[in-house]
Structure formats: C-alpha cells, structure tokens
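So the structure is just underneath, and the comments pick up after that.
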Amino acid sequence: QHNVATPVLEFWLSIQDVPTADRHPSLAGPVFQQLVESILNRAAYPSSFISWDDELDVEKSDFDEFRRLSADVLVGAYFLLRSDYLECLSNFVFEIETTDWEI
C-alpha cells in the first residue's frame with residue numbers, strides 16, 4: 001500500500017509547484033482536505049503494530065518513505081487550507097481512540 005502511495009504523493013508535491021491561479025478548479029481546497037484526511041489515516045502505525053520485526057503487512061522502508069513525503073505534502077496543504085487544515089487535524093486527533101496514541 002505505502003509503496004504504491006509514494007508516486008501519488010510525488011504527484012501532489014508536483015501540483016504544489018503550480019500556482020493556485022493556474023491550477024484546474026478541481027485542484028483547490030476540497031480535494032486537499034480529502035488528501036490531508038487520507039494521509040493522516042495512512043501515516044498512522046497499523047492498529048496491530050507491535051514492532052517492525054513482527055509487522056507483516058508493511059515494510060518499514062516503505063512506511064518511512066511514505067511518512068517523509070507525507071510531511072512535505074502536508075506542509076503544502078497547510079499553506080493552501082490554513083484554518084481548514086487545522087480543523088482536519090484536530091478532527092483526526094479527537095476522533096482516534098485513546099489507545100491509538102501512536103500516530
């Protein structure tokens with residue numbers, strides 16, 4: 001999953017190099033809100049995670065690369081969304097269960 005997501009994140013990074021006035025209207029705020037929500041969900045450790053030695057579904061290198069690229073995309077999304085970004089982030093944090101603290 002994460003190795004497939006890497007090219008997708010690279011696409012979003014390249015979109016951020018295009019001035020917002022020059023982008024297609026569908027590449028505005030709402031799609032970036034969905035992107036932020038998706039990244040937050042994928043960047044969390046798997047619910048069954050104990051250690052990388054025991055993890056069978058996710059490769060550590062893929063997960064680390066995904067998180068590294070995600071950080072860059074999230075920074076760009078913040079500058080586009082501003083308060084909506086913070087709302088997405090706070091909604092995500094408040095919706096997780098208290099036992100799921102390893103984000």
Side-chain angles (χ1 to χ4, degrees):
Q1 297 178 30
H2 289 92
N3 59 349
V4 173
T6 300
V8 174
L9 289 174
E10 290 170 351
F11 164 78
W12 287 107
L13 285 171
S14 68
I15 291 294
Q16 292 175 359
D17 293 337
V18 177
T20 53
D22 296 342
R23 294 181 196 169
H24 189 275
S26 66
L27 295 174
V31 75
F32 272 85
Q33 281 183 277
Q34 292 174 337
L35 177 64
V36 168
E37 292 170 4
S38 177
I39 288 173
L40 292 174
N41 284 314
R42 285 182 159 267
Y45 286 98
S47 59
S48 61
F49 184 82
I50 296 170
S51 74
W52 287 113
D53 294 332
D54 298 327
E55 184 58 47
L56 301 175
D57 295 332
V58 180
E59 291 292 323
K60 182 181 184 322
S61 60
D62 292 339
F63 187 74
D64 290 344
E65 177 69 4
F66 176 81
R67 288 185 112 191
R68 187 188 65 75
L69 288 172
S70 294
D72 295 337
V73 174
L74 290 172
V75 167
Y78 168 75
F79 286 106
L80 177 70
L81 298 172
R82 303 287 179 161
S83 63
D84 290 334
Y85 175 91
L86 296 175
E87 184 178 343
C88 281
L89 186 59
S90 66
N91 287 342
F92 178 77
V93 170
F94 289 120
E95 287 175 4
I96 59 172
E97 296 180 22
T98 56
T99 57
D100 294 336
W101 61 270
E102 297 108 340
I103 296 177

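Nothing fancy with the numbering, it's 1 onward along the sequence.
Rounding to the nearest 0.5 angstrom, the gap separating the CG atom in Asp72 from the CZ atom in Arg67 is 13.5 Å. Here the straight-line distance linking atom CZ of Arg82 with atom CG of Asp84 works out to 11.5 Å at 0.5 Å rounding. Rounding to the nearest 0.5 Å gives a distance of 11.0 Å between CG of Leu27 and OG1 of Thr20. Rounded to the nearest 0.5 Å, atoms CD (Gln34) and CD1 (Ile39) are 12.0 Å apart.
Between Val58 and Trp52, some side-chain heavy-atom pair lies under the 4.5 Å cut-off. Side-chain contact between Trp12 and Leu69 is absent, with no heavy atoms from C-beta onward closer than 4.5 Å. Contact annotation: the side chain of Thr6 never approaches that of Asp62 to less than 4.5 Å [non-hydrogen atoms, C-beta and beyond]. Side-chain contact between Ser70 and Leu9 is present, with at least one heavy-atom pair separated by less than 4.5 Å. Proximity of Arg23 to Leu80: side-chain heavy atoms (C-beta onward) are separated by under 4.5 Å at one or more points. Two residues are said to be in side-chain contact when any heavy atoms from C-beta on lie closer than 4.5 Å; Tyr78 and Leu86 meet this criterion. Side-chain contact check for Phe11 versus Gln16: every heavy-atom pair is 4.5 Å or farther apart. Looking at Asp54 and Ser51, their side chains come closer than 4.5 Å, going by heavy atoms from C-beta outward.
Between Tyr45 and Phe63, the two ring planes are tilted [angle within 30° to 60°].
Looking at every heavy atom in both residues, Cys88 comes nearest to Glu37 through SG-OE2, 3.9 Å. The two residues Gly29 and Leu81 come nearest to each other via the heavy atoms O-CD2, 3.4 Å. Between Asn41 and Phe92 the shortest heavy-atom distance is OD1-CE1, 3.3 Å. Among all heavy-atom pairs drawn from Val31 and Ala28, the shortest one is CG1-O, 3.2 Å.
A donor-acceptor pair is defined here as one N or O able to donate and one able to accept, closer than 3.5 Å; no such pair exists between the side chain of Asp22 and the backbone of Val18. Formation of a donor-acceptor pair under 3.5 Å by the Glu55 side chain with backbone atoms of Asp57 is found in this model.
For the pair Asp64 and Lys60, the salt-bridge criterion is met [side-chain N within less than 4.0 Å of a carboxylate O].
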side-chain contact (heavy atoms from CB on, under 4.5 Å) between Leu89 and Leu40, worked out: CA-CA 8 Å; Leu89 186 59; Leu40 292 174; 4.1 Å; yes
